[in-house]
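Not measured: the values here are computed from a predicted model.
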Amino acid sequence: MSFLKGRITANLEPMLDGVSILGTNGAGIPFDAILDTGLNGSIVLPRKIGRRARLTPFNRTQYQLADGSVVQDILYRGALQVAGRRIDVLLSLTDAEVGLVGMEIITGRVATFNLRKMTVDVK
């Protein structure tokens, strides 16, 4: 059974289906997300979705971007909803319209990127 599924776009971005963040009221707020194998952490959520979810700040962190620059950021506590499961996560926010799901979420699973069928499947 699949944990995450999606499609690979014409720009070769593995867009995931059915990803939501749980708001403080327990309702799922869906958001567009790319499976980002270059992200070691769990989730980078669009800021507008983070506001709707009313996330709780947890801590400050710093990390290195692909260009080598080091940035400081606030981590938030949240709960991801995927395939009917709740996954408690620490996440950061972005001004981008699309979120990122990182390697921490799929650790211990098998991810298949089928570039003939343009699909992604994580089991």
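Considering all non-hydrogen atoms of both residues, Ile49 and Leu45 come closest at CG2-CD1, 3.8 Å. Residues Pro46 and Ala96 approach most closely at CB-O, 3.4 Å, considering heavy atoms. Considering all non-hydrogen atoms of both residues, Phe31 and Ile21 come closest at CE2-N, 3.8 Å. The minimum heavy-atom distance linking Ser92 with Asp73 is given by the pair CB-OD2, 3.4 Å. Of all heavy-atom pairs between Val19 and Leu16, the closest is CG2-CB, 3.9 Å.
With a 4.5 Å cut-off on side-chain heavy atoms, Tyr63 and Val71 count as touching. With contacts defined as side-chain heavy-atom distances shorter than 4.5 Å, the pair Leu4/Val120 does not qualify.
Think of Leu39 as one node in a network of Ile, Leu, Val, Met, Phe, Trp and Tyr side chains linked at under 4.5 Å; its network also takes in Met15, Ile34, Val44, Val98, Leu100.
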Donor-acceptor contacts, no H, no angles, side chain residues 103-119, under 3.5 Å, sequence neighbours left out:
| from | atom 1 | to | atom 2 | distance (Å) |
| --- | --- | --- | --- | --- |
| Thr107 | OG1 | Met103 | O | 2.9 |
| Asn114 | OD1 | Arg116 | N | 2.9 |
| Asn114 | OD1 | Lys117 | N | 2.9 |

Quick one: side chains of residues 53-60, donor-acceptor pairs under 3.5 Å with protein atoms, not counting sequence neighbours, listed by atom name and distance.
none

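Under the 4.5 Å side-chain contact rule for hydrophobic residues, Leu75 and Leu80 do not share a cluster. Under the 4.5 Å side-chain heavy-atom criterion for Ile, Leu, Val, Met, Phe, Trp and Tyr, Val101 and Leu90 are members of distinct hydrophobic clusters. Tyr76 is not connected to Leu22 by any chain of hydrophobic side-chain contacts under 4.5 Å among Ile, Leu, Val, Met, Phe, Trp and Tyr, and they are in different clusters.
Annotation: salt bridge (charged side-chain N to carboxylate O under 4.0 Å, His left out) contacts of Asp67 (sequence neighbours excluded): none. For Arg86, the side chain to side chain donor-acceptor pair (under 3.5 Å) partners two or more places apart in sequence, or in a different chain, are Asp88. The salt bridge (charged side-chain N to carboxylate O under 4.0 Å, His left out) check on Arg52 picks up nothing, with sequence neighbours excluded. The salt bridge (charged side-chain N to carboxylate O under 4.0 Å, His left out) test applied to Lys5 returns no partner, not counting sequence neighbours. Scored by the salt bridge (charged side-chain N to carboxylate O under 4.0 Å, His left out) test, Asp121 finds Lys123 as partners (sequence neighbours excluded).
Counting only residues at least two apart or in different chains, side chain to side chain donor-acceptor pair (under 3.5 Å) contacts with residues 30-48 comprise Arg47-Asp95, Lys48-Glu97. Contacts classified as side chain to side chain donor-acceptor pair (under 3.5 Å) and involving residues 10-31 (residues at least two apart or in different chains) are not found.
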